[in-house]
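In what follows, every heavy atom counts, from backbone to side chain, and hydrogens, waters and symmetry copies are set aside.
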Amino acid sequence: MTQLKMTVAGVAGRMGRQLAAMAIDRGHALTGGSEVAAAGVFDEDIGVLAGRRALGLWPSPDVAEAAAGADVWIDFTRPEATLAALGALRNTSVRAVVIGTTGFEADQEIVIQAASDRFAIVKAGNFSVGVNLLQALTRLAASRLGADWDIEILESHHRLKVDAPSGTALMLGEAAAEGRGKPLKDILAKPYLGANAPRKEGEIGMAVRRAGGIYGEHDVMFASPREVVRLSHMALDRAVFAEGAVQAAAWAAAQPPGLYGMDDVLGLGHTG
């Protein structure tokens, strides 16, 4: 395996620490990390923040400084911070970017697409290998089952998650809609609420739960009048997301500029 120089955005956060630790554990060189001023961690070693040995590196509030000399930037922060980082990274050595941030608006997605002329970007709503297999299976099932099969997606996450539905649920919804040959925005059902909220044939329903410390649970149900098929995934450890992200980073570093997904990293293709 080629050792890469990796930098992690939001390195003092829960996910940032996991990403930093995974990069170290997989034999890569962690060369820096960014953090907002409010975090108050600029005198703490990045390696120690990750629960590993001291590296003689400290978080920086400046993206370009944090990424100095790096091959890959891994970002699981917030939309505004991720977009700002893409701009700041253009004049650095970074050639690949992994984006696990969710909750982007349509105009923000355009900015990411434009940045793919400079970087090999792997963007996904979820970097778990299992979830990405679930996505491929969802696309396949939706393409094989007719409109008389209703599709419902249920996702559960910890109480502190701010975006809803989750990026993973939307990813699964996009896969189901692709299997049906239609844009998700055209067939995504409104929440079932009120005295007159019937289900419409052909729509994809989506429900959200927020509770406790749940890492992530996703269930895709296909139901006809006579039978039900369920596909599901449960994350047991936050490290699964970091593991997939570091795998994606290593893959992206060897690719030309462009916008990629975990289907590309895992070679799953768009079976339909």
Worked check of side chain to side chain contact (heavy atoms under 4.5 Å, CB included) between L4 and R95: CA-CA 11 Å; L4 296 169; R95 62 180 187 269; 3.8 Å; yes
Closest non-hydrogen atom pair between I204 and G173, with its separation: CD1-O, 3.9 Å
Heavy-atom donor-acceptor pair, T101 side chain to T77 backbone, under 3.5 Å: yes
Which distance, rounded to the nearest 0.5 Å, do you find between the CG of L259 and the CG of D117? 11.5 Å
What heavy-atom pair brings S156 and I214 nearest, and what distance separates the two atoms? O-CG2, 3.7 Å
Side chains of L236 and Y215: closer than 4.5 Å at any heavy-atom pair? no
So for atom CZ, which belongs to R78, do other residues, nucleotides or ligands contribute more than 12 heavy atoms lying within a distance under 6.0 Å? no
What about L89 and F104, same hydrophobic cluster or not, with Ile/Leu/Val/Met/Phe/Trp/Tyr joined at side-chain heavy-atom distances under 4.5 Å? yes
Applying the 4.5 Å side-chain criterion to the ILVMFWY set and letting contacts propagate, would V94 and I121 be lumped into a single cluster? yes
Steps toward side chain to side chain contact (heavy atoms under 4.5 Å, CB included) verdict (E174, Q135): CA-CA 9 Å; E174 292 283 1; Q135 180 188 25; 5.7 Å; no
Whether the side chain of E35 engages the backbone of P59 through a donor-acceptor N/O pair (distance < 3.5 Å, no angle test) should be reported. no
Before giving the answer on side chain to side chain contact (heavy atoms under 4.5 Å, CB included), spell out for I24 and L55 the whole-Å C-alpha distance, their side-chain angles and the decisive distance to 0.1 Å. CA-CA 10 Å; I24 294 170; L55 299 174; 4.0 Å; yes
Spacing of CH2 belonging to W251 relative to CG belonging to L266, to within rounding of 0.5 Å: 9.5 Å
Check whether any side-chain heavy atom of R14 sits under 4.5 Å from a side-chain heavy atom of H158, and report yes or no. yes
Could you list the donor-acceptor pairs under 3.5 angstrom formed by side chains in residues 182-192, with sequence neighbours left out?
unit_1 : atom_1 : unit_2 : atom_2 : d
Y192   : OH     : E152   : OE2    : 2.6
Y192   : OH     : R199   : NE     : 3.3

Go through it in stages, so that I can follow the logic: the residues are D75 and K123, the test is salt bridge (Lys or Arg N to Asp or Glu O under 4.0 Å), and I'd like the CA-CA distance, side-chain angles, deciding distance and then a yes or no. CA-CA 10 Å; D75 197 319; K123 178 178 175 292; over 6 Å; no
Under 6.0 Å between ring centres, would you say that holds for F119 and W73? no
Any side-chain heavy-atom pair of M171 and N132 under 4.5 Å: yes
Shared hydrophobic cluster, I46 / V41 (ILVMFWY, side-chain heavy atoms < 4.5 Å): no
Side chains of S93 and D71 in contact at under 4.5 Å (non-hydrogen atoms): no
Nearest 0.5 angstrom please: E203 CD to E201 CD, how far? 10.5 Å
Can you tell me how far CD1 of I151 sits from CE of M206, rounded to the nearest 0.5 angstrom? 10.0 Å
Tell me, do D25 and R52 make a side-chain contact under 4.5 Å, heavy atoms counted? yes
Using the rule that two of Ile, Leu, Val, Met, Phe, Trp, Tyr join whenever any of their side-chain heavy atoms come within less than 4.5 Å, decide whether V98 and V11 are in one cluster. yes
Worked verdict on R210 versus E155 for salt bridge (Lys or Arg N to Asp or Glu O under 4.0 Å): CA-CA 9 Å; R210 295 286 177 266; E155 61 103 334; 2.7 Å; yes
Looking only at heavy atoms, what is the nearest atom pair of R180 and G202, with distance? NH1-O, 4.2 Å
Find out whether D264 and V122 are in side-chain contact, i.e. whether some heavy atom of one side chain is under 4.5 Å from a heavy atom of the other. no
Evaluate the criterion side chain to side chain donor-acceptor pair (under 3.5 Å) for residue pair S166 and H218; output intermediate values, then yes/no. CA-CA 10 Å; S166 69; H218 295 86; 3.2 Å; yes
I'd like to know whether the aromatic ring centres of F127 and F76 sit less than 6.0 Å apart in this structure. yes
For residues D45 and G56, report the shortest heavy-atom separation together with the two atoms involved. OD2-N, 2.6 Å
Atom CD of E105 and atom CG of L83: how far apart are they, to the nearest 0.5 Å? 11.0 Å
Would you say that Q247 contacts V129 through its side chain, given a criterion of any heavy-atom pair below 4.5 Å between the two side chains? yes
Can M221 be reached from L172 by stepping across I, L, V, M, F, W or Y side chains whose heavy atoms are under 4.5 Å apart? no
Heavy-atom side-chain proximity of L134 to N126 below 4.5 angstrom: no
Evaluation steps, side chain to side chain contact (heavy atoms under 4.5 Å, CB included), between K161 and T102: CA-CA 11 Å; K161 187 169 180 60; T102 59; 4.1 Å; yes
Please report the closest heavy-atom contact between A249 and I74, naming both atoms and the distance. CB-CD1, 4.2 Å
Heavy-atom pair with the smallest gap, counting every atom of G103 and D163: N-OD2, 4.1 Å
I153 CD1 to D219 CG distance, which is reported to the nearest 0.5 Å: 9.5 Å
For A176, is there any backbone N or O sitting under 3.5 Å from a side-chain donor or acceptor partner on R139? no
